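Note that the structure is a prediction, hence the values are computed from the model and not measured. All ligand and atom numbering here is 1-based and tracks the order in the structure.
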Amino acid sequence: MLKDSLLYLAQNPRMKEFVTHNRVARGAARRFVAGEALEDAIAATQTLNQRGMQVALDLLGENVTDAQEAYTATQEYIQALDLIKKTNVNANVSIKLTALGLDIAKDLCNENLCTILDHARELDIFICVDMEGSLYTERTVDTVMHMHERYDMVGTVMQSYLYRSYKDTEQLIAHDIRIRLVKGAYKEPESVAYQEKYDVDKNYLQLMEMLLARGHFPAIASHDEHIINTACKYVRDHGISKSAFEFQMLYGIRRDMQEQLVKQGYNVRVYVPYGSQWYPYLMRRMAERPANLMFFMSNILR
Ligand code: FDA
């Protein structure tokens with residue numbers, strides 16, 4: 001109920017206006033977002049790199065409605081790639097197709113995506129296309145499959161709450177496409193997605209074993225201790241090298257576990273969000289865990 005309300009508020013313009021203009025709320029958001037500027041994200045990356053972690057930079061922003069905004073987002077992704085190279089930090093980049101204009105026109109989105117992929121290939125930086133709501137799943141999978149024919153350094157995300165992910169994962173593995181496995185962060189109807197945590201987790205474990213056994217450097221992206229322990233046991237039991245995959249977690253979440261995994265010799269990549277459009281991201285994180293909402297509210301009310 002609370003989760004549904006928060007996911008609903010993530011799309012609510014009035015709530016967004018209120019929260020993003022509140023100075024204290026902006027400060028509290030820093031627990032989960034590196035900052036509003038690219039330089040903030042690079043500074044956070046340097047700190048994480050020093051702790052033995054790699055980074056996926058995520059410029060916040062989605063669902064742009066005009067071509068100029070999509071162009072601006074494309075240029076911002078290019079700047080991120082350039083600054084990664086210039087500062088020599090260990091990071092790759094996550095992007096969202098709706099930030100590149102997918103809601104406006106597929107051709108426009110593809111054109112912007114090619115601009116980014118051309119540049120990323122030149123700089124030898126991996127690009128992960130994030131998975132958004134189920135309205136976009138088919139188009140995201142098709143776009144990544146198509147782009148991967150030209151750019152082998154592009155991958156995408158599979159969400160274990162979607163029924164279709166088993167089939168999609170098989171297809172992406174067959175094409176050697178890198179996959180980040182997540183549970184899924186959007187509110188989805190029963191017609192397309194499992195509603196119960198038990199089913200989402202069960203499907204996650206099934207997809208995870210498939211990826212660890214046959215995937216191309218998969219990312220196990222979760223903060224769920226049971227899932228992480230099962231992954232560690234699975235690779236141990238099957239003689240899979242720790243260098244054949246990575247764990248991924250979100251900035252500011254389960255930092256204790258991130259450090260512990262690094263100490264145990266696993267690859268850990270932290271997803272570092274930054275930018276002015278942090279409101280929907282923050283609401284999704286709070287929907288996942290009421291304690292985050294308490295943290296946020298107690299800062300605002302303090
Ligand atoms: P789950 O939500 O079941 O939580 C298990 C445990 O983890 C909790 O009991 C708690 O201890 C801890 N935990 C989880 N979330 C927490 C939080 N917000 N704060 C504090 N503790 C928390 N989704 C998507 O739809 N498309 C995408 O492209 C991505 N990309 C992505 C990248 C990376 C690197 C990560 C880690 C996650 C995503 N996600 C995503 C989000 C993902 O779908 C999911 O919503 C969150 O990871 C939460 O799910 P968990 O697997 O952590 O388990």
Worksheet item: Is the count of non-hydrogen atoms from other residues, nucleotides or ligands lying under 6.0 Å from Phe217 atom CZ greater than 12?
Response: yes
Discussion item. For atom 30 (N) of ligand 1, what's the nearest protein heavy-atom neighbour? Residue, atom name and distance, please.
Written reply: Arg180 NH1, 3.1 Å
Discussion item. Using a strict threshold of under 4.0 Å (side-chain N to carboxylate O), is an ion pair present between Arg121 and Asp124?
Written reply: no
Worksheet entry | Glu190, CD: over 12 other non-hydrogen atoms inside 6.0 angstrom | no
Practice prompt. Indicate whether atom 23 (N) of ligand 1 is within a distance of less than 4.0 angstrom of some protein heavy atom.
Written response: yes
Discussion item. With a 4.0 Å cut-off on heavy atoms, is Lys197 in contact with ligand 1?
Written reply: yes
Discussion item. I'd like to know if atom 8 (C) of ligand 1 has any protein heavy atom within a distance of less than 4.0 Å.
Written reply: no
Item to complete: State whether the number of non-hydrogen atoms from other residues, nucleotides or ligands found under 6.0 Å of Lys167 atom NZ is greater than 12.
Response: yes
Discussion item. For the aromatic rings, using the six-membered ring if either is Trp, is the centroid distance between Tyr161 and Tyr163 under 6.0 Å?
Written reply: no
Practice prompt. Identify the protein heavy atom lying closest to atom 37 (C) of ligand 1, giving its residue, its atom name and the separation to 0.1 Å.
Written response: Leu250 CD2, 3.7 Å
Response to the item:
At under 4.0 Å between heavy atoms, what of Ile253 touches ligand 1? The answer is side chain
Fill in: Region of Asp130 that comes within reach of ligand 1 [heavy atoms, distance under 4.0 Å]
both
Worksheet item: How does Gln159 reach ligand 1, if at all, at less than 4.0 Å between non-hydrogen atoms: by side chain, backbone, both, or neither?
Response: side chain
Worksheet item: Closest non-hydrogen protein atom to atom 3 (O) of ligand 1, residue and atom name please, with distance?
Response: Lys183 NZ, 2.6 Å
Item to complete: Give the ring-plane orientation class for His238 versus Tyr234, where under 30° counts as parallel, over 60° as perpendicular and anything between as tilted.
Response: parallel
Discussion item. Using a 4.0 Å cutoff against the non-hydrogen atoms of His223, which atoms of ligand 1 qualify?
Written reply: 6 (C), 7 (O), 12 (C), 13 (N), 14 (C), 15 (N), 36 (C), 47 (O), 50 (P), 51 (O), 52 (O)
